[in-house]
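Encoded as structure tokens, the structure appears first; notes follow it.
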2 protein chains.
Amino acid sequence: MARTDVRERLLTVGLEALHKRGFNATGVQDITDAAKVPKGSFYNHFESKDALGVEVVQHYAAKGAERRLPLMEGSGPPLARLRAYFKSLNQLGPATGFSRGCLLGNFGTELPGQSPAIRAVLEAAFDDWAKAIAQVIREAQKAGDVSKDLSAETLANFLLNAWEGAVMRSKVEKDAAALDAFLSVTFNKILT
Amino acid sequence: MARTDVRERLLTVGLEALHKRGFNATGVQDITDAAKVPKGSFYNHFESKDALGVEVVQHYAAKGAERRLPLMEGSGPPLARLRAYFKSLNQLGPATGFSRGCLLGNFGTELPGQSPAIRAVLEAAFDDWAKAIAQVIREAQKAGDVSKDLSAETLANFLLNAWEGAVMRSKVEKDAAALDAFLSVTFNKILT
DNA sequence: AAGTCTGAGACGACCGGTCATATTTGACCT
DNA sequence: AGGTCAAATATGACCGGTCGTCTCAGACTT
């Protein structure tokens, strides 16, 4: 197997494993087993488990940025795009029995105290995400669809955090009630 | 040391340690060291680490129920009580450098897939909490301070989840911005 | 003496990371 | 094209720990 293939595979499989089980509950051996790569090879590609965690966050964030292209660049009204965006995010829960949550939220809960490097990339990822949502909300405010009482940044950050909380709750309850409530309150009350 | 004292101490200290570092990143030895109890004694009091986790959740939830007595039984207007309640919750973050988060949210993120018993008590704890908040919102709706477009239950669950998400984000950012945004949007937009 | 409780240390498994050895690579030579 | 060999890379056994749990000799109680 080519060197770059092994590294990619470790990153991809590592992301999957860490997302499924959490950072501390997943061992390097679990990741290398799943990737069908000898354990000793791991350290040829990543300096440490922590270093993998950093790249996993960055990779997941990059995928998230791709996922929100229709939101950022679509042609419909901003609120409709935003609703479609959160609806599509909400489909991810049921697909895995509400077992995964959001990797950023999971790591944001588990790791800030233990890994400064991971905390830093998490912070960057959340901030970028919130900025993207704020941009769409700002459009909606300009269009007169959302009142300007609260800034687009405040609303975007609030909603992003609210969504993460809803995802966590859907993990606990193993159902979509929290995600549904999020959509309902967001689009029937907050973004009005 | 008396047997019930040892057990109480393990529970109290265990709660503290698990809250500080997370479930999987805290060992039984860490807990028994902190409690100044011999490690072998742990299993005289708790069947397993998981069993301790279950009791920690129940204990924390009971403390949470006490904390919200002024909310439930206070004499001022419901919205004022609710605001004071969340304000007091929000003081917990800065007190520890935003390092702890909420134990229920932390466990809700880390453990549903790994411990069915802990997931079950988490579910119960969140549901009780949401019911309590819903009761106050219902009062506010009756008083005409909050519109009845959305049910008290929907609003309460949404806000509880939103607060958990804000707490997680305050851990990542190590500041109070998310908690402040929560108060702002909740009382200036949602509960109106 | 008999019954009950305690806890030091053992158990088997797992942890992140290391490193001597094995294998592959690619430059060079014929 | 085939062979050589130093350098680069990969590998898996090993390292020194930690993990949650259990055991049974000894302590304690009645």
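Note that the structure is predicted; figures quoted are calculated from it, not measured. Residue numbers start from 1 in every chain, and the chains themselves are labelled A, B, ... in the order their sequence lines are given, proteins ahead of strands.
- Listed by chain and number, the residues in a side chain to side chain contact (heavy atoms under 4.5 Å, CB included) with Val121(B) are Val54(B), Val57(B), Gln58(B) (sequence neighbours excluded).
- In this structure Arg83(A) satisfies the salt bridge (Lys or Arg N to Asp or Glu O under 4.0 Å) test with no other residue, sequence neighbours excluded.
- Not counting sequence neighbours, the partners of Asp30(A) by the salt bridge (Lys or Arg N to Asp or Glu O under 4.0 Å) test are Arg21(A).
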Could you write nucleotides 11-30 of chain D as a row of B, S and -, 5' to 3', where a protein heavy atom under 4.0 Å of any base atom gives B, of only sugar-phosphate atoms gives S, and otherwise -? BB-------BBB--------

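- For Arg100(A), the side chain to side chain contact (heavy atoms under 4.5 Å, CB included) test picks out Glu16(A), His19(A), Lys20(A), Thr96(A), with sequence neighbours left out.
- Looking at residues two or more places apart in sequence or on another chain, you find a side chain to side chain contact (heavy atoms under 4.5 Å, CB included) between Leu92(B) and Arg67(B), Leu89(B).
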